[in-house]
Amino acid sequence: KAAGDMALPYRPLAEILQGADITIGSLDASISDYNAPTPCLQTTRNLLAPSEAVQGLAFAGFDVITVATNHIKDCGLKRGCVSESMLDTTANLRSVGIQPTGAGNNLAEATAPVIITVQGVRFAFLGCSAINSPLWATEDAPGIGPLQKEVVADAVRRAQEQADVVIVLPHWGREYVADISWEQFKAAKEMADAGAS
């Protein structure tokens, strides 16, 4: 923000990102003006970006971004936002033509696919998270898509009805560990068995 250029971090890779048929990302933060930007403290992480941050993502050429991550409801040092920062994030992404996946006002919305057609092929994207289960959407509460076997399998089956290729974008694994866990291996097989590409 200090540089006044929200595209600055993306400029070195812009040509590659913009040149892809579909550019996909994962946002492990929220983009909201719920609270003014503040630095992280040693004891807390503050993964909240101002709404203008979407300008950089749009410049980079992102088409789809999963927001089913464990920091999507971060609301800065001013606490108590519940779901506002998450809902602001999805609205801010849509305002610049980026389709968010993996979050919504309820479980049905959080597990609904984003569909993009490229050269006649329909791609469905689903976002889900195994991390921070209190953020998971329920039948009547906002949140993110849970990485639960039956929930993901049902979402994949519904996406197959609308698309030729189904891609699940999971937020999973253990922090600071590069090795694939048994849980990830098992969940990936379950997604493939359900019909994910």
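Values below: all heavy atoms of this structure, side chains included; hydrogens, waters and symmetry mates excluded.
Note on Val82: it does not cluster hydrophobically with Leu87, by side-chain heavy-atom contacts below 4.5 Å among ILVMFWY residues. Linking ILVMFWY side-chain heavy atoms closer than 4.5 Å, directly or via other members, places Ile24 and Ile116 in a single hydrophobic cluster. If you chain together hydrophobic residues whose side chains sit under 4.5 Å apart, Phe59 and Phe62 fall into the same group. Val156 and Val114 fall into different hydrophobic clusters, where Ile, Leu, Val, Met, Phe, Trp and Tyr are joined by side-chain heavy atoms under 4.5 Å apart, directly or via other members. Residues Val96 and Tyr10 share a single hydrophobic cluster, defined by chaining ILVMFWY side chains whose heavy atoms lie under 4.5 Å apart.
The shortest side-chain heavy-atom distance between Asp74 and Ser85 does not fall under the 4.5 Å cut-off. Residues Thr69 and Ile72 meet the side-chain proximity criterion, which asks for heavy atoms closer than 4.5 Å. Looking at heavy atoms from C-beta onward, Arg174 lies in side-chain contact with Glu183 at the 4.5 angstrom threshold. The side-chain heavy atoms of Asp154 and Thr111, taken from C-beta on, include no pair separated by under 4.5 Å. Put simply, the side chain of His171 does not reach to within 4.5 Å of the side chain of Thr66, judged on heavy atoms. Taking 4.5 Å as the limit, some side-chain heavy atom of Ile144 sits within range of a side-chain heavy atom of Met86. Side chains of Val67 and Leu93 form a contact here, defined as non-hydrogen atoms less than 4.5 Å apart. Side-chain contact between Ser26 and Leu169 is absent, with no heavy-atom pair separated by less than 4.5 Å.
Annotation for Ser83 and Pro142: closest pair OG-CB, 3.6 Å, computed over non-hydrogen atoms. The two residues Ile115 and Ala163 come nearest to each other via the heavy atoms CD1-CB, 4.1 Å. Pairing each heavy atom of Asp63 with each of Asp21, the nearest pair is OD2-O, 3.9 Å. Listed here is the closest heavy atom pair of Ile98 and Ala58: CD1-N, 3.8 Å. In this structure, Ile31 and Leu27 approach most closely via the heavy-atom pair CD1-CD2, 3.8 Å. Scanning both residues, Asn35 and Cys75, for their nearest heavy atoms gives CB-O, 3.3 Å.
The backbone N or O of Pro50 sits nowhere less than 3.5 Å from a side-chain atom of Asp33 that would complete a donor-acceptor pair. Gln55 places no side-chain N or O within 3.5 Å of a backbone atom of Ala7 that could act as its donor or acceptor partner. A donor-acceptor distance shorter than 3.5 angstrom exists from the side chain of Thr138 to the backbone of Ala141, with no hydrogens or angles considered. A distance-only check finds no donor-acceptor pair linking the side chain of Asn106 to the backbone of Glu139 [under 3.5 Å]. Looking only at distances, no side-chain donor or acceptor of Arg157 sits under 3.5 Å from a matching main-chain atom of Ala194. Side chain of Gln184 to backbone of Ile180: no donor-acceptor contact under 3.5 angstrom is found. For Trp136 (side chain) and Ser129 (main-chain N/O), a donor-acceptor pair under 3.5 Å exists by modelled atom type.
Within the model, atoms OG of Ser181 and CH2 of Trp172 stand 8.0 Å from one another, a figure rounded to the nearest 0.5 Å. Separation of atoms CD (Gln18) and CG (Leu13) is listed at 10.5 Å; rounding is to 0.5 Å. Taken from CD1 in Ile167 to CE in Met191, the straight-line distance is 12.5 Å, to the nearest 0.5 Å. Atom CG of residue Asp193 and atom NZ of residue Lys149 lie 8.0 Å apart, to the nearest 0.5 angstrom. Summarising the geometry, atom OG1 belonging to Thr101 is positioned 11.5 Å from atom CD belonging to Glu109; distances are rounded to the nearest 0.5 Å. Between the CD atom of Glu150 and the CD atom of Glu190 there is a distance of 8.5 Å, given to the nearest 0.5 Å.
Around atom CZ of Arg11, more than 12 heavy atoms belonging to other residues, nucleotides or ligands sit under 6.0 Å away. Within a 6.0 Å sphere centred on CD1 of Ile22, other residues, nucleotides and ligands contribute more than 12 heavy atoms.
A donor-acceptor contact closer than 3.5 angstrom is absent between the side chains of Ser51 and Asn92. Checking Lys73 against Ser30 by side-chain atom types alone, no donor-acceptor pair falls below 3.5 Å.
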Could you go through the side chain to side chain contact (heavy atoms under 4.5 Å, CB included) check for Leu126 and Val152 one step at a time? CA-CA 9 Å; Leu126 298 164; Val152 174; 5.8 Å; no
